[in-house]
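Nothing fancy with the numbering, it's 1 onward along the sequence.
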Amino acid sequence: MNMRSMFVSCLLAVFVSTPVLAADPSEVPEKKRSKADLYLTSVEAADMLRDNSVVLLDVRSRPEVTFVGIASRVNVHIPFMVLPQTAHYDPAAKGYPLEMNSSFEFDFMDYAEAMELSEETPIVIMCRSGSRSAKAANILYDLGYTNVYSVVDGFEGDKAADGPEKGHRMVNGWKNAGLAWTYEISTEQAYPLDRD
């Protein structure tokens with residue numbers, strides 16, 4: 001390994017292992033706020049997830065997980081919203097609309113019961129960029145789970161506001177922080193076939 005590679009490796013090791021504090025809850029955008037008011041950056045989440053008792057719940061849709069990838073440490077994937085097969089292109093949104101997964105709450109309760117989670121179990125929730133994870137955290141909070149953390153920058157991060165990467169999710173997020181991820185979904189992570 002040459003000196004430049006060693007320097008970059010050391011720099012990355014310091015960056016990934018040094019916690020980056022999430023924004024003060026009052027500075028978290030309204031659409032990313034949750035009732036529990038507990039927030040982590042992806043780097044903070046990775047640090048917290050070194051404790052195997054902490055659960056990482058990915059709430060993105062199946063297509064996102066399949067084609068964009070999944071954090072290696074995800075315990076379970078339960079989509080908060082789903083892409084119905086009958087979805088029609090929405091010109092205003094320039095995409096296909098997702099709809100609420102009507103089974104989300106029940107699927108989580110089944111998972112919690114099977115894994116014997118207590119209401120105090122720390123649960124880290126991640127979506128693409130922090131909005132759906134906050135909504136999912138609200139549902140879990142209403143179910144009595146008090147330690148539900150929303151990853152404010154999500155798996156892909158926020159969109160760049162300007163520059164050559166304008167409109168691309170390059171600002172922050174799990175993937176952009178160089179945290180462990182894969183395209184391979186394990187059996188334990190997979191959302192059941194009879195859903196959505």
Side-chain angles (χ1 to χ4, degrees), residues 19-49 51 53-65 68 70-71 73-84 87 90 93 95-159 169 171-174 179 189-192 195-196:
V20 176
L21 299 178
D24 180 291
S26 64
E27 295 179 13
V28 173
E30 188 60 38
K31 69 180 183 175
K32 294 185 179 188
R33 305 276 317 245
S34 70
K35 293 176 182 179
D37 223 18
L38 298 173
Y39 311 101
L40 299 167
T41 64
S42 55
V43 173
E44 282 183 304
D47 189 48
M48 186 174 179
L49 290 163
D51 178 345
S53 68
V54 178
V55 173
L56 178 55
L57 166 63
D58 189 321
V59 297
R60 293 173 301 143
S61 68
R62 279 183 173 154
E64 287 172 290
V65 169
V68 180
I70 187 169
R73 172 59 170 77
V74 166
N75 294 92
V76 63
H77 169 234
I78 304 173
F80 181 72
M81 299 187 80
V82 295
L83 180 65
D90 179 352
Y96 298 93
L98 297 174
E99 64 184 34
M100 177 68 187
N101 177 2
S102 60
S103 299
F104 177 79
E105 181 177 337
F106 304 106
D107 291 338
F108 179 79
M109 289 189 303
D110 288 346
Y111 174 77
E113 182 180 339
M115 301 308 292
E116 300 179 356
L117 302 183
S118 76
E119 291 181 342
E120 292 79 36
T121 299
I123 302 167
V124 176
I125 306 172
M126 184 164 46
C127 66
R128 179 185 61 198
S129 59
S131 299
R132 281 175 284 168
S133 59
K135 292 175 184 171
N138 287 342
I139 289 177
L140 271 55
Y141 187 81
D142 288 344
L143 289 172
Y145 293 88
T146 54
N147 292 316
V148 287
Y149 296 82
S150 179
V151 179
V152 295
D153 53 347
F155 187 72
E156 290 185 76
D158 294 309
K159 292 179 181 176
R169 296 190 180 277
V171 176
N172 48 24
W174 191 275
L179 300 169
Q189 295 168 327
Y191 190 59
R195 300 283 194 237
D196 82 28

> Would you say Arg169 and Val68 make side-chain contact, with heavy atoms under 4.5 Å?
Replying inline: no
> Closest approach of Pro122 and Tyr149, non-hydrogen atoms and distance?
Replying inline: CB-CE1, 4.5 Å
> Between Leu83 and Pro63, which heavy-atom pair has the shortest distance, and what is it?
Replying inline: CD2-CG, 4.1 Å
> Hey, are the side chains of Val55 and Tyr111 touching, using non-hydrogen atoms and a 4.5 Å cut-off?
Replying inline: yes
> If we only count heavy atoms from C-beta on, is the Phe108 to Ile139 side-chain gap below 4.5 Å?
Replying inline: no
>> To the nearest 0.5 Å, what is the distance between CG on Leu49 and CD on Glu44?
In response: 11.5 Å
>> Let me confirm one number: the CZ-CD distance from Arg128 to Glu156, rounded to the nearest 0.5 Å.
In response: 6.5 Å
>> Please enumerate all residues that pass side-chain contact (heavy atoms from CB on, under 4.5 Å) together with Ser102, with sequence neighbours excluded.
In response: none
> Would a distance-only check, ignoring hydrogens and angles, find a side-chain to backbone donor-acceptor pair under 3.5 Å from Ser118 to Thr121?
Replying inline: yes
> Sub-3.5 Å donor-acceptor pair from the side chain of Asp158 to the main-chain atoms of Asn172, do we have one?
Replying inline: no
> CE of Met48 to CG of Leu40: how many Å apart, nearest 0.5 Å?
Replying inline: 6.0 Å
> Which is it for Val65 and Val74 under the side-chain contact (heavy atoms from CB on, under 4.5 Å) test, yes or no, and what are the steps along the way?
Replying inline: CA-CA 11 Å; Val65 169; Val74 166; over 6 Å; no
>> Please give me the minimum heavy-atom distance between Met81 and Leu98, naming the atom from each residue.
In response: CE-O, 3.6 Å
> Side chains of Ile123 and Leu140: does their closest heavy-atom pair fall under 4.5 Å?
Replying inline: yes
>> Does any part of the side chain of Ser34, heavy atoms only, come nearer than 4.5 Å to the side chain of Val148, both counted from C-beta?
In response: no
>> Test: side chain to side chain donor-acceptor pair (under 3.5 Å). Region: residues 131-140. Which pairs qualify, not counting sequence neighbours?
In response: Glu64-Arg132, Ser133-Ser150
> Does any N or O in the side chain of Arg62 come within less than 3.5 Å of the main-chain N or O of Tyr191, such that one atom is a donor and the other an acceptor?
Replying inline: yes
> Out of Val124, Ile125, Thr41, which residue meets the side chain to side chain contact (heavy atoms under 4.5 Å, CB included) rule with Val151?
Replying inline: Val124
> For Asn75 and Arg73, which heavy atoms make the closest approach, and how far apart are they?
Replying inline: OD1-NH1, 2.6 Å
> In this structure, are over 12 heavy atoms from other groups packed under 6.0 Å from Met109 atom CE?
Replying inline: yes
> So do Met126 and Leu56 actually touch side chain to side chain, heavy atoms under 4.5 Å?
Replying inline: yes
>> Just verifying a value: how many Å separate Tyr145 OH and Glu120 CD, rounded to the nearest 0.5 Å?
In response: 10.0 Å
> Could you go step by step and tell me if Arg33 and Tyr39 meet the side-chain contact (heavy atoms from CB on, under 4.5 Å) rule?
Replying inline: CA-CA 8 Å; Arg33 305 276 317 245; Tyr39 311 101; 3.3 Å; yes
> Quick one: does Trp174's side chain get under 4.5 Å of Asp58's, heavy atoms only?
Replying inline: no
>> Contact between Phe80 and Cys127 at the side-chain level, heavy atoms closer than 4.5 Å - yes or no?
In response: no
